[in-house]
Amino acid sequence: MQQMPTHQQRLTIDLPADEWEALRDLADARGAAPGELARESVRRLVDLEESLTRAEAVRLATHHAELLRRLGQ
């Protein structure tokens, strides 16, 4: 099965020297490139925020269920 090409965007970030060293050391320990870990971190942050947003939407919908029901009539 042929994989669909992906479109990527470039992001440049400035890291303080201590953060860069920590990222580089972690990448080395994991046998990965620093960029791989940075992408993984971004994906985890986005996933977490999406999860929190969904949870809050459910909480609000549950809390205001009667009002939403009445507005839907």
Side-chain angles (χ1 to χ4, degrees):
M1 177 179 220
Q2 186 176 7
Q3 188 176 14
M4 297 292 293
T6 59
H7 295 85
Q8 296 185 5
Q9 299 295 317
R10 182 170 300 275
L11 172 67
T12 301
I13 59 172
D14 296 318
L15 294 175
D18 61 329
E19 290 179 2
W20 169 248
E21 291 298 321
L23 178 62
R24 196 175 68 185
D25 288 347
L26 179 60
D28 184 54
R30 288 179 57 180
E36 290 177 66
L37 298 187
R39 284 187 296 277
E40 178 184 326
S41 296
V42 168
R43 183 74 257 154
R44 286 182 182 199
L45 175 62
V46 169
D47 289 347
L48 174 62
E49 290 295 327
E50 288 174 348
S51 177
L52 293 172
T53 300
R54 277 192 301 278
E56 182 64 6
V58 168
R59 187 193 71 76
L60 289 171
T62 301
H63 182 75
H64 298 289
E66 178 58 23
L67 175 61
L68 292 170
R69 185 193 63 74
R70 285 186 280 149
L71 287 171
Q73 289 182 350

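Within 6.0 Å of the CZ atom in R69, the count of heavy atoms belonging to other residues, nucleotides or ligands exceeds 12. The neighbour count for E56 CD, taken as heavy atoms of other residues, nucleotides or ligands under 6.0 Å away, is above 12.
Residues D47 and E50 have side chains in contact (heavy-atom distance under 4.5 Å, counting atoms from C-beta outward). The shortest side-chain heavy-atom distance between E40 and R43 does not fall under the 4.5 Å cut-off.
Atom CZ of R24 is separated from atom CG of L15 by 12.0 Å, given to the nearest 0.5 angstrom.
Under the 4.5 Å side-chain heavy-atom criterion for grouping Ile, Leu, Val, Met, Phe, Trp and Tyr, L37 is connected to L11 within one hydrophobic cluster. Under a hydrophobic-cluster definition in which Ile, Leu, Val, Met, Phe, Trp and Tyr are linked whenever side-chain heavy atoms come within less than 4.5 Å, directly or via other members, L52 and L45 are assigned to different clusters. Linking Ile, Leu, Val, Met, Phe, Trp and Tyr residues whenever their side-chain heavy atoms come within less than 4.5 Å leaves V42 and L48 in two separate clusters.
The shortest non-hydrogen separation linking A27 to A33 is CB-C, 3.8 Å.
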Could you go through R70 and L67, starting from their C-alpha distance and side-chain angles, then the distance that decides it, and tell me whether this counts as side-chain contact (heavy atoms from CB on, under 4.5 Å)? CA-CA 5 Å; R70 285 186 280 149; L67 175 61; 4.3 Å; yes
